[in-house]
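Below is one structure, written out as structure tokens; the observations come after it.
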Amino acid sequence: MTRIKALAPGATLGILGNGQLGRMTALAAARLGYRAHCFGPEADSPAAQVCARATVGDYRDEAALTAFFAACDAVTYEFENIPVEALTRVAKKARGKLRPSAAILSVCQDRIAEKTFLNAIGVATAPWRAVRSRADLEAGLAALGAPAILKTARMGYDGKGQRKIAKPADAARAHAELGGAIAVLEGFVDFEREISVIVARDLAGRARAYVPVENRHKHHILDETIAPARLPAAVARKAVATASKIARELDLVGVVAVEMFLSEGGEIRVNELAPRPHNSGHWTIDACAVSQFEQTVRAVMGLPLGDPARHSDAKMKNLIGREADAWAKIAADPKAILHLYGKAEARPGRKMGHVTRLGPRKGR
Ligand code: AMP
């Protein structure tokens, strides 16, 4: 068996990204005695507020990235829309310090690359076509039929960069509204519910999965996660097996969240991958001995993974925009576990915090 040398407490974990995922990863790192150092374009960010060090820099600035890598013992990322060119060159020189790898980031930040990868390893997705021109869009619609969804290949999140095409006559407008960007056209999946599975994988290739959870969206933004998802055991096993296969085939070190559509008949289609902690895993902080953030830290710093089993069932509710104004009321509720991200301005659609409520663990 490969012997892996873990980074000792006191080592520094670099986090590319400034958001709440970086913040919660840094808090988990601190609990294990590590220092966190974040890198991103904003000062006084949710991550910077809790990191021992924060570098304000541009992801395209190779010199700044090089200095950041030199100051860290291992580096991870908390969102996948990081420009990958400079990072790939810097990570190559820093042999193995970036976990998950830049190659995984490249696959997961481009819907065409991601779906090509998934289909190549035998994982079902929505039927799809790459759209690089109007002609591709017409041909794609002829093949997949309407309704369909046009999604930009890059930089999409929370429903941004997406247009539904209800009938073929809507195609030209949808394409124009997305600026004619390279995109994928997806056939509309008539799903019964949306679920996700988070898998962690360590340097030795051992993987541990959290139970599948159920996700409810409002205006394309995650609103609530129910853990565990209410599923027949065979479907839950299939979802975990699919996510574990993806982690293995990516040769992942870190965590990956796999978002899936579940049909009435129990058929699974993968929608999206996120090679980082995910909003649908926030419940693990309060309901599991080892959270998705600690698993990330453990994998990236070379520690063995912890136990992802839950001690409680959980419901996680995001606090979006002005919903966070109710913080005092939520804090006064003894059953509510409140998490706030330190964001000053509650813009509409902005994730300001979340609340977890626990219940007795039922079932496996
Ligand atoms: P995405 O940005 O790809 O995660 O999509 C955001 C949300 O849009 C998903 O969580 C679904 O609720 C919905 N959606 C995305 N793709 C499809 C599809 N092919 N068919 C039906 N609904 C979809």
Side-chain angles (χ1 to χ4, degrees), residues 19 21 79-81 105 107-119 123-131 136-137 140-168 170-171 174-175 177-179 181-198 212-227 229 239 242-243 246 256-282 316-318 320 348-351:
L21 300 172
F79 83 128
E80 59 271 18
N81 289 329
L105 186 62
V107 169
C108 297
Q109 69 178 213
D110 180 322
R111 291 187 193 272
I112 296 175
E114 188 172 278
K115 287 181 199 300
T116 302
F117 160 74
L118 288 168
N119 296 162
V123 170
T125 57
W128 67 280
R129 293 288 185 280
V131 173
D136 284 350
L137 179 55
L141 267 177
L144 304 178
I149 301 185
L150 189 64
K151 301 180 179 178
T152 56
R154 292 174 164 271
M155 300 304 279
Y157 68 99
D158 286 350
K160 293 191 175 71
Q162 295 191 19
R163 291 292 179 279
K164 187 170 172 185
I165 299 178
K167 50 185 190 308
D170 299 344
H175 195 237
E177 281 177 359
L178 297 181
I182 296 175
V184 296
L185 182 73
E186 286 184 33
F188 206 77
V189 178
D190 186 18
F191 58 83
E192 193 249 328
R193 60 184 91 158
E194 292 184 76
I195 61 170
S196 56
V197 176
I198 294 173
V213 299
E214 207 169 309
N215 300 314
R216 295 198 190 139
H217 295 81
K218 246 191 216 168
H219 313 298
H220 291 286
I221 301 172
L222 182 67
D223 182 47
E224 257 185 10
T225 294
I226 298 164
T242 300
I246 291 167
V256 65
V258 182
E259 292 185 61
M260 308 172 184
F261 298 135
L262 183 66
S263 75
E264 203 82 60
E267 188 194 13
I268 289 169
R269 289 175 189 268
V270 170
N271 176 33
E272 262 192 333
L273 307 180
R276 52 158 173 87
H278 190 257
N279 197 168
S280 69
H282 290 359
M316 187 286 309
K317 164 89 181 78
N318 268 338
I320 314 271
R350 196 171 195 209
K351 291 171 180 166

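Side chains are part of it too, since the values below use all heavy atoms of this structure and drop only hydrogens, waters and symmetry mates. Along the sequence shown, residues are numbered consecutively beginning with 1. Counting convention: from 1, in listed order, for ligands and their atoms alike.
- Around atom 15 (C) of ligand 1, the closest heavy atom drawn from K164, E186, K151 belongs to K151.
- Among E272, H220, R269, the residue whose heavy atom sits closest to atom 7 (C) of ligand 1 is H220.
- Each of the atoms 12 (O), 21 (C), 22 (N) of ligand 1 lies under 4.0 Å from some heavy atom of F191.
- Ligand 1 lies out of reach of K160, whose nearest heavy atom is not under 4.0 Å from it.
- Rounded to the nearest 0.5 angstrom, L178 CG and Q162 CD are separated by 9.0 Å.
- Not a single N or O atom of F188, backbone or side chain, sits closer than 3.5 Å to an N or O atom of ligand 1.
- When all heavy atoms are compared, the tightest approach of N215 to S196 is ND2-OG, 2.9 Å.
- A donor-acceptor contact closer than 3.5 angstrom links the side chains of E194 and H217.
- Taking all atoms of both residues into account, the shortest heavy-atom contact from V197 to A243 is CG1-CB, 3.6 Å.
- When heavy-atom distances to ligand 1 are checked against a 4.0 Å cut-off, N271 comes that close only through its side chain, counted from C-beta outward.
- Note: an N/O pair closer than 3.5 Å links G187 and ligand 1 by distance alone.
- At a heavy-atom distance under 4.0 Å, no atom of R216 approaches ligand 1.
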Which pairs would a plain distance check flag for residues 124-131, meaning a side-chain donor or acceptor within less than 3.5 Å of a matching protein atom at least two apart in sequence or in another chain?
from: T125; atom 1: OG1; to: N119; atom 2: ND2; distance (Å): 3.2
from: W128; atom 1: NE1; to: N119; atom 2: OD1; distance (Å): 2.8

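- For ligand 1 and Q162, the ligand atoms under 4.0 Å from any heavy atom of the residue are 1 (P), 2 (O), 3 (O), 5 (O), 6 (C).
- Under a 4.0 Å criterion applied to the non-hydrogen atoms of E194, ligand 1 contributes the atoms 9 (C), 10 (O), 11 (C), 12 (O).
- Scanning all heavy atoms of the two residues, the minimum distance from E80 to A274 falls at OE2-CB, 4.0 Å.
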Go through K218 and E224 one step at a time and tell me if the salt bridge (Lys or Arg N to Asp or Glu O under 4.0 Å) criterion holds.
-> CA-CA 9 Å; K218 246 191 216 168; E224 257 185 10; over 6 Å; no
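- The side chain of I149, and not its backbone, has at least one atom closer than 4.0 Å to an atom of ligand 1 (non-hydrogen atoms only; side chain from C-beta on).
- Heavy-atom proximity to R111, at under 4.0 Å, picks out these atoms of ligand 1: 2 (O), 3 (O).
- Not a single side chain to side chain donor-acceptor pair (under 3.5 Å) links R350 to another residue, sequence neighbours left out.
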